[in-house]
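In each ligand, atom 1 is the first atom listed, and ligand 1 is the first ligand listed. Residues take their numbers from the sequence shown, with the count starting at 1. Computed over heavy atoms, backbone and side chain alike; hydrogens, waters and symmetry mates excluded.
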Amino acid sequence: MTSVPPSDPSLRSLKADWTARDLAVLWHPCTQMRDHADLDGARVPLTPIARGEGAWLIDHDGKRYLDAVSSWWTNLFGHANPRIAAAIKDQLDKLEHVIFAGFSHEPGILLAEELLRVAPNPGSVSQGEKDRHLARVFYGDNGSSAIEIALKMSFHYWRNLGRDGKTRFIALSGGYHGETLGALTVTDVPLYRATYAPLLGEPIFVASPDCHEREAGEDWQTHSLRKLADMRAALEHHAHEVSAVIVEPLVQCAGGMRMYHPAYLTGLRRLCDEFDVHLIADEIAVGFGRTGTLFACEQANITPDFLCLSKGITGGFLPFSAVLTTARVYDAFYAEYTAGKAFLHSHSYTGNALACRAALETLAIFRDEPVIERNGVLAQRLRERLAPLADHPHVAEVRQTGMIAAVELVRDKTTRTPFPAAERRGLRAYRHALPLGVLLRPLGDVIYFMPPYVIAPDEIDFMVEVAVKSIDAATTP
Ligand SMILES: *Cc1c(COP(=O)(O)O)cnc(C)c1O
């Protein structure tokens, strides 16, 4: 700090000062930096944040913003949550990090035990099925790396069994699994994928069960189940060369909060068994209570071969991820060293002790407090407040799964014709909501709500009121 000249508060606000200094040196993710140019007339304002408090972010001028997107879906129990902060502080004085090969530590071990205790495993199964339980935990340090780990582990499993031909992956249209090259390979959101496609592998994309696409009058379950036929056809054709099917259970988040019925997952699990391919459940965004159950897979009563977790796992405090897999998968790697079957995926910060401790405390909150029940009440409030928007002339659909709700804006309601993308209507809503004190961050023209679980009922009302005003402002010519 001392090397930086002090700002002169008499000239401009602290906030403007930090903004200028940021724009002089930083390059932000998911951002056309040109949008931030011209401090006053910027197309997208840059907002430095001084501190957080519960569901709120507070800038250097003291202005408060309700974090309706949980800071990219990571925050569960509020910013600066005292319980998680205290756990990390305690850990800081004991052990910050240690090499996780050949060494281990208490928070890492306790966390793996706890993750396996709460994992979506069937309550009672026959002995022969026991090796299909999630029974092993491998750590990574962000969501994309969890996907890389699951893809590599699945491929390597078949290879260790002598089935070298299983080298491809099936993914759903509209799915998002991260932006490192392997994760981007199975991502089907053009914004992130198109430019880099020449660098990527070639997955098999199968039509999503996305219920926004259902026929008029068709219910979610019928539509989602109908889409299983596409998956069956793909597996009939390709199963011999396919290692795994990867999906975001129940909600395809970054692809526009597109939702589907749990019956699809139940059917998909059966198909994966029938055709001998793995099922990778990417619960990076939907895990930890977002969809109304601790894990979305529970609603379909299935256990995946790989469960990828990140985002909310540390309550939004530290970058971290975990891949849970079965004893069957683990056993295929367990051999004499000279057999060369060991799994290789190493990040320097694997199993970081501070992150493990934050995750442990996050899971302790789920154990100590009726989080899922409370969320049910909050989700109902959100549903009621959003309901009138269904009649808005520029809203094609209001949809919700647990603590995720989305409003799809269109130019023409009856034909569902979208606004031209260049009009950036969602961005207009973002810009309108910010000075009113709500951080919405639409995905294109989809305005969505994914608030921290500590949001109060009257804060939900405020969030929706501002969103309605912003939608009105964004959809008037
Ligand atoms: C965010 C996300 C990822 C990637 O996680 P990062 O930590 O951003 O790399 C992967 N899958 C899903 C479903 C996500 O929402």
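Residues Ile170 and Met231 form a side-chain contact, since some pair of their non-hydrogen atoms from C-beta on lies under 4.5 Å apart. At a threshold of 4.5 Å between non-hydrogen side-chain atoms, the residues Phe138 and Tyr330 do not count as touching. Using a 4.5 Å heavy-atom threshold, the side chains of Cys211 and Ser224 count as touching.
Of the residues Met257, Arg258, Met259, the one that meets the side-chain contact (heavy atoms from CB on, under 4.5 Å) test with Gln252 is Arg258.
Residues with a heavy atom under 4.0 Å from ligand 1: Trp73, Asn142, Gly143, Ser144, Tyr176, His177, Gly178, Glu248, Asp282, Ile284, Ala285, Lys311.
Applying the ring pair (Phe, Tyr, Trp, His ring centres under 6.0 Å) test to Tyr139 and every residue at least two apart in sequence or in another chain returns Phe100, Phe320.
The minimum heavy-atom distance linking Phe317 with Asn81 is given by the pair CZ-N, 3.5 Å.
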